[in-house]
Structures are given as structure tokens and as C-alpha cells.
Amino acid sequence: MALIYIVEDDKNISEIECFALKNSGHTVEAFDSGKAFYKKMTEKIPDLILLDIMLPDEDGLEILKKIRNIPETRRIPVIMVTARTTELDKVKGLDSGADDYLTKPFGVMELISRVKALLRRSNGMDGNDILTLGEIFLDGDKHVVYVNNELCELTYKEYELLRLLMQNQGIVLKRDVIMERIWSLDYEGESRTLDVHIKTLRQKLKTAGGHIKTIRNVGYIME
């Protein structure tokens, strides 16, 4: 399983996170400050980081920026954990390079689910054969989608977009991540392409299109 670092100064929350993730088979180490975290990072690079924003010695967003600016740590999956609940705070975290965002208080099952999904995504293990969400059924082997037991005709890109969103249920996918994964394009200047495909995909899914939510100025989430 994965090696996960938790950077959290609230002892109670840190203990809950450690207990839940260890019970899921992961190896976990916790740090209550940026200083202790940096020291351990020089010894061993983890598979995933749970990073609190409010820390005693350094803001979590600053730590995240440093992680993303170092080649050896740039691709480590990072989930921001914070008591801040405004959309602007989420945007700041995702724009700084976070892969996902958890708002306190959160449930243990939500934590485990998001960690599992992010590890699967980062390891390239996205090839689920069968994906379901509400009335939507996607069969990866047959490359078909059904909505309310009726065949839904999608173009190749629409299918790949839906598949990516369903594989990451409950996770906000940034626009540039979607553009790179589906079109292998940089986000800048190409956002209209994504918007048009999301619009047509929602239309073809009919009432099930409501599962696709827009996170303003960030990207999309399917839930």
C-alpha cells in the first residue's frame, strides 16, 4: 500500500487520520509542523500528502508551493485539509497545486475514499471496466454508456470525458488537468473546448447530467 504523510497540528484530527489510513493498510507518518515535515521529506518521498492549511510555523499553501516547485516532489498527490469553507479558499488551494480538498469536519469514509481515488489516479490505475453513478452505467470493455437502462450515444471525447469524471467521483478536477488528460492540451486558450463538451455531455445524459457540477473558476466534479 501507500506511504502517506500527514501534516496537521491538531492532535485529535491527526490521530483520527492516522488510525483510518493505517486500518486501510497504508503506512502513515504524522507531523505537526512544516519544519518536521521538511526534514522527513529529505529522507523519504511519500506516495501522498494530507496537508493542513493552518499550521503553527508556516501556511500550508506555502508548503504546497514549495512541493510543486521541486522536481523530486512536484508530482506527489496532495490533499488540502482545512476548516476554511469558502469557495475562494478552495480555489486558492487548487490553484496552488492541490489535487483535492477536504473541509473539516469530514467523515472517515470520505477521507479513505478520496485517498483511494487519488492514489489510483496518480498511479495510472484508471482502467475500471464498469463504472456506475446513480442512473449512469459505463461499460469500459464494450465502450458504451447507459442512462436509465437506455443506450446513450456519445462521441469519443464525450465518452472519455464522462469516464474521467466518473473515475474521480467526488473529486474536483481542475480544468487544466481535464484538458491535459482528454485533449493533451494546455488549459490556456482552450477552455472553450471543455465548456462545449461539458454542455453537450450534460444534454445527452438528460436528467443525469445534473451529476456534473461546475466549480466556478476551478473545474468540474461529478457527484
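Heads up: numbering here begins at 1 and tracks the sequence. Since the structure is predicted, the reported quantities are computational estimates derived from the model, not experimental observations. Reckoned from all heavy atoms, side chains included, excluding hydrogens, waters and symmetry mates.
Of the N and O atoms on the side chains of Tyr220 and Asn168, not one donor lies less than 3.5 Å from an acceptor on the other residue. Judged by distance alone, the side chains of Tyr159 and Glu153 never bring a donor and an acceptor atom under 3.5 Å apart. Side-chain polar atoms of Glu135 and His211 form a donor-acceptor pair below 3.5 angstrom.
The shortest side-chain heavy-atom distance between Ile136 and Leu205 falls under the 4.5 Å cut-off. Counting only heavy atoms from C-beta outward, the side chains of Ile49 and Ile4 never approach each other to under 4.5 Å. Using a 4.5 Å heavy-atom threshold, the side chains of Val7 and Asp52 count as separate. Taking the side chain as every heavy atom from C-beta outward, Val78 and Met80 approach each other to under 4.5 Å. Looking at heavy atoms from C-beta onward, Leu55 lies out of side-chain contact with Glu58 at the 4.5 angstrom threshold. For the pair Thr82/Tyr101, a side-chain contact is recorded, criterion being any heavy-atom separation below 4.5 Å from C-beta on. Looking at heavy atoms from C-beta onward, Met54 lies out of side-chain contact with Asp9 at the 4.5 angstrom threshold. In this structure, the side chains of Phe137 and Asn149 stay at 4.5 Å or more apart for every pair of heavy atoms.
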Compile the donor-acceptor pairs under 3.5 Å between side chains in residues 16-27 and protein atoms, sequence neighbours left out, one pair per line.
{"unit_1": "Ser24", "atom_1": "OG", "unit_2": "Ala20", "atom_2": "O", "d": "3.1"}
{"unit_1": "His26", "atom_1": "ND1", "unit_2": "Ala2", "atom_2": "N", "d": "3.3"}

* Report the C-alpha separation of Arg202 and Glu158 in whole Å, then their side-chain angles, then the decisive distance to 0.1 Å, and conclude whether the salt bridge (Lys or Arg N to Asp or Glu O under 4.0 Å) test is met. => CA-CA 10 Å; Arg202 281 172 170 158; Glu158 289 167 352; over 6 Å; no

* Can you list the steps and then say if Met179 with Leu194 is a side-chain contact (heavy atoms from CB on, under 4.5 Å)? -> CA-CA 7 Å; Met179 292 299 300; Leu194 175 56; 3.6 Å; yes

* **Working for side-chain contact (heavy atoms from CB on, under 4.5 Å), residues Leu161 and Ile178** => CA-CA 8 Å; Leu161 178 57; Ile178 299 174; 3.6 Å; yes

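When the side chains of ILVMFWY residues are joined at heavy-atom separations under 4.5 Å, either directly or via intervening members, Val28 and Ile112 end up in two distinct hydrophobic clusters. Using a 4.5 Å cut-off between side-chain heavy atoms of Ile, Leu, Val, Met, Phe, Trp and Tyr, with links allowed through other members, Met109 and Leu133 fall into different hydrophobic clusters. Taken together through direct or relayed side-chain contacts under 4.5 Å among Ile, Leu, Val, Met, Phe, Trp and Tyr, Ile70 and Tyr38 form parts of separate hydrophobic clusters.
Tested against Ile221, the residues Thr214, Leu173, Val172 include a single side-chain contact (heavy atoms from CB on, under 4.5 Å) partner, Val172.
Under the rule for a ring-ring contact (aromatic ring centres under 6.0 Å, His included), the partners of His197 that lie at least two apart in sequence or sit in another chain are Trp183. With sequence neighbours left out, the salt bridge (Lys or Arg N to Asp or Glu O under 4.0 Å) criterion links Lys40 to Glu29, Glu43. Residues passing the side chain to side chain contact (heavy atoms under 4.5 Å, CB included) test with Gln203, sequence neighbours excluded: Lys199, Thr200. Among residues two or more places apart in sequence or in another chain, the ring-ring contact (aromatic ring centres under 6.0 Å, His included) test is passed with Tyr5 by Phe31. With sequence neighbours left out, the side chain to side chain contact (heavy atoms under 4.5 Å, CB included) criterion links Ile45 to Met41, Thr73, Ile76.
The nearest pair of heavy atoms linking Ala98 to Leu64 is N-CD2, 3.4 Å.
The pair Arg114-Asp100 meets the salt-bridge criterion, since a charged nitrogen lies less than 4.0 angstrom from a carboxylate oxygen. Under a 4.0 Å N-O distance rule, the pair Arg175/Asp195 qualifies as a salt bridge. Salt bridge Lys65/Glu62: present, at least one basic N to carboxylate O contact under 4.0 Å. Asp10 and Lys104 are not joined by a salt bridge, as no carboxylate oxygen comes within less than 4.0 angstrom of a charged side-chain nitrogen. Lys213 and Glu223 are not joined by a salt bridge, as no carboxylate oxygen comes within less than 4.0 angstrom of a charged side-chain nitrogen.
In this structure, CD1 on Ile63 lies 13.0 Å from CZ on Arg68, to the nearest 0.5 angstrom. Note that the NZ atom of Lys204 and the CG atom of Leu162 stand 11.5 Å from one another [nearest 0.5 Å]. Taking CG of Leu50 as the start and CG of Leu102 as the end, the distance is 7.0 Å to the nearest 0.5 Å. Once rounded to the nearest 0.5 Å, the distance linking CG of Asp139 with OG1 of Thr132 reads 11.5 Å. Rounded to the nearest 0.5 angstrom, Lys66 NZ and Leu61 CG are separated by 12.5 Å. To the nearest 0.5 Å, atoms CG (Leu138) and CD (Gln167) are separated by 8.5 Å.
At distances below 3.5 Å, at least one donor-acceptor pair connects side-chain atoms of Asp57 with backbone N or O atoms of Lys35. Judged by distance alone, with hydrogens and angles left aside, the side-chain atoms of Glu15 form no donor-acceptor pair with the main-chain N or O of Asn12 at under 3.5 Å.
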